[in-house]
There are 2 protein chains.
Amino acid sequence: MEDEVYPQLHLDNQLCFSVYTLSRLITQAYQPLLRALGLTYPQYLVLLVLWQAEEDKRLPVPVRYLCERLQLDTGTVTPLLKRMETAGLIRRARSAEDERIVQVSLTPAGLALREQAQQVPLDILCRSGVSLEQAQTLRDQLRRLILQWPADGAPPRGPATAPGTPESDPG
Amino acid sequence: MEDEVYPQLHLDNQLCFSVYTLSRLITQAYQPLLRALGLTYPQYLVLLVLWQAEEDKRLPVPVRYLCERLQLDTGTVTPLLKRMETAGLIRRARSAEDERIVQVSLTPAGLALREQAQQVPLDILCRSGVSLEQAQTLRDQLRRLILQWPADGAPPRGPATAPGTPESDPG
DNA sequence: GCTATCTATATTGTGAGCAATATAATTTCA
DNA sequence: TGAAATTATATTGCTCACAATATAGATAGC
């Protein structure tokens, strides 16, 4: 028998699994608060973008802008926006100048939700027991990692260290 | 007019959005490699657990064990396992001693995939351009955060710092 | 001006995630 | 022992994600 061991394939050595698990944990933490506002987590993200655009007097915004900000494609965003329109949170309208474009804006109800959502991020922070410093540090670290992430189709780059046989390879 | 500003609701100030985005980016990076093995990302995670159990001679394992390790409920895992059974990767069998339990084991095909998967984590690391140290540090940081995360239904805890009005609240 | 190309959005189909509920087997304990 | 509670898995219904494709409007070259 071989009895080979593959530490690089052990679940708890994977960075991907930690990120995946934390992402679901955070979403689950938001869920009860957002449910009180009649929102799902992705719908909340759409509203974050629209509320911020409203602050800057940039409403309406095209669907394309939402896709860029959220890093989601139209296959996800279009049905999401349809549900939000049905829920009375947003409006969608074809642009007159360029009929390919659908412009998205907030309804009064969608805008009004911002007041109720105001407390949500801090509330989550409190419930999670994470310190503000820890959260900010981690956020900035992840944002840098996301920014340096290779665009899809980019050529493979080597790891920044000399190659070896790491016992626990956090792929 | 009010012209109020809500920095705590700005998308890029949210820790949740960074985690969510990175999680999807990583999954997308795995996708082409796993596709070559005929796997989806969650199916790969199931195999990681089963391969490790095989190393320890603990196969078969109950569905409950997979749910615990992956932090997923049966509503996700049961159909996932059914698809993997159909694909010939695993076997599912009711336990004789306790007929509530379904024991999951690897088929030869499912076990054999481990050889091909061996290179995947390091391959992802290379493509991502992240250094091994950076990945390990981040992984350990996230694991600590996940471990300290409150169980569902736990009472709200305050943030570890004095309350104030943080400009950018990473909820 | 006409066709090829490009751009913006929508649609289809599959596979997660997850809440809520259902079903059936086991255990508890009065 | 026998009903109530518990445990393990499955099912249903809804909402993402995302690849692949479709559609229609705008733009570029010739």
Side-chain angles (χ1 to χ4, degrees), chain A residues 16-17 20-32 34-36 38-46 60-68 70-87 89 92-104 152-153, chain B residues 16-17 20-32 34-36 38-46 60-68 70-87 89 92-104 152-153:
Chain A
C16 65
F17 181 64
Y20 165 80
T21 300
L22 184 60
S23 180
R24 287 188 301 107
L25 277 177
I26 294 177
T27 304
Q28 286 165 23
Y30 271 88
Q31 207 262 344
L34 295 181
R35 183 177 207 171
L39 296 173
T40 65
Y41 180 72
Q43 289 172 8
Y44 168 72
L45 294 181
V46 169
V61 294
V63 170
R64 171 140 184 67
Y65 177 74
L66 291 167
C67 290
E68 277 171 11
L70 300 172
Q71 303 264 78
L72 292 168
D73 67 11
T74 61
T76 299
V77 169
T78 295
L80 185 54
L81 294 177
K82 281 187 175 179
R83 287 187 288 270
M84 294 179 75
E85 189 176 36
T86 301
L89 298 170
R92 299 188 311 145
R94 285 275 163 194
S95 163
E97 305 93 67
D98 187 337
E99 295 218 333
R100 294 171 302 180
I101 296 174
V102 169
Q103 297 283 1
V104 180
D152 192 26
Chain B
C16 64
F17 181 64
Y20 165 80
T21 301
L22 183 60
S23 180
R24 288 188 301 106
L25 277 178
I26 293 177
T27 304
Q28 286 165 23
Y30 271 89
Q31 207 261 345
L34 295 181
R35 184 177 208 171
L39 295 174
T40 65
Y41 180 72
Q43 290 171 8
Y44 168 73
L45 294 180
V46 168
V61 294
V63 171
R64 170 137 186 68
Y65 177 74
L66 291 168
C67 291
E68 278 171 12
L70 300 172
Q71 302 265 76
L72 293 167
D73 67 10
T74 60
T76 301
V77 170
T78 295
L80 185 54
L81 293 178
K82 281 187 176 181
R83 286 187 287 270
M84 293 179 75
E85 189 176 35
T86 301
L89 299 170
R92 299 188 310 145
R94 286 273 166 193
S95 163
E97 305 93 66
D98 187 337
E99 294 219 335
R100 293 171 302 182
I101 296 174
V102 169
Q103 298 283 1
V104 181
D152 192 26

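Here the structure is a predicted model, which means the values were calculated and not measured. Keep in mind that the numbers below use all heavy atoms, side chains included, and drop hydrogens, waters and symmetry copies. Note on naming: letters A, B, ... go to the chains in the order of the sequence lines (proteins, then strands), and numbering restarts at 1 for each one.
- Between D:dC18, C:dG17, D:dC16, one nucleotide has an atom nearer to the side chain of A:R24 than all others, and that is C:dG17.
- For the pair A:T78 and C:dT11, the criterion of a side-chain N or O lying under 4.0 Å from OP1 or OP2 is not met.
- Nearer to the 5' terminus of DNA chain D, by closest-nucleotide assignment, is the contact made by B:G75 (compared with the other of A:G75 and B:G75).
- The CG atom of A:D98 sits 5 Å away from the P atom of D:dA26 (whole-angstrom rounding).
- For the pair A:L72 CG and D:dA19 P, the interatomic distance rounds to 11 Å; values are reported in whole Å.
- One can place CG of A:L66 at 13 Å from C1' of C:dA8, the figure rounded to the nearest angstrom.
- For A:R100 and C:dC6, the shortest distance from a side-chain N or O to OP1 or OP2 is not below 4.0 Å.
- In terms of position on DNA chain D, the residue among A:E97 and A:Q71 whose nearest nucleotide sits closer to the 5' end is A:Q71.
- Nucleic acid contact for A:Q103: none, since no nucleic acid atom lies under 4.0 Å from a heavy atom of the residue.
- Between B:Q31 and the phosphate of D:dC18, there is no side-chain N or O to OP1/OP2 separation shorter than 4.0 Å.
- Side-chain nitrogen and oxygen atoms of B:R94 include none within less than 4.0 Å of the OP1 or OP2 phosphate oxygen of C:dA24.
- Residue contacts for A:Y65: at a heavy-atom cut-off of 4.0 Å it reaches no nucleic acid atom on any strand shown.
- Considering only the side chain of B:V102, D:dA10 comes nearest among C:dA8, D:dA10, C:dC18.
- In this model, the phosphate group of D:dA20 is approached by a side-chain N or O of B:R35 to a distance below 4.0 Å at OP1 or OP2.
- For the OP1/OP2 pair of D:dA17 and a distance below 4.0 Å, the side-chain nitrogens and oxygens of B:Y41 include no atom meeting the criterion.
- For B:E99, taking side-chain heavy atoms from C-beta onward, the closest of the listed nucleotides D:dG25, C:dT26, C:dA19 is C:dT26.
- With rounding to whole Å, A:Q28 atom CD is found 15 Å from D:dT15 atom C1'.
- Regarding B:D73, its CG atom lies at a distance of 14 Å from the P atom of D:dT11, rounded to whole Å.
- B:E85 has a carboxylate O that lies under 4.0 Å from a charged side-chain N of B:R92, or vice versa, which qualifies the two as a salt bridge.
- Across all strands shown, A:T76 has heavy atoms under 4.0 Å from base atoms, whether or not it also approaches the sugar-phosphate.
- Taking 4.0 angstrom as the limit, A:R92 places none of its side-chain polar atoms (N or O) nearer than this to OP1 or OP2 of C:dA8.
- Atom CD1 of A:I101 is separated from atom P of C:dC6 by 18 Å (rounded to the nearest Å).
- Put simply, CG on A:L34 is 13 Å from P on C:dA19, counting in whole angstrom units.
- At whole-Å resolution of the value, NZ in B:K82 and P in C:dA16 are 14 Å apart.
- In this structure, of D:dA20, C:dG17, C:dA16, it is C:dA16 that holds the atom nearest to the side chain of B:L80.
- An OP1 or OP2 oxygen of D:dC16 is reached within less than 4.0 angstrom by a side-chain nitrogen or oxygen of A:Q43.
- The phosphate of D:dC16 has OP1 or OP2 within less than 4.0 Å of a side-chain N or O from A:T40.
- The two residues A:C16 and B:I26 have their closest heavy-atom pair at CB-CG2, 3.4 Å.
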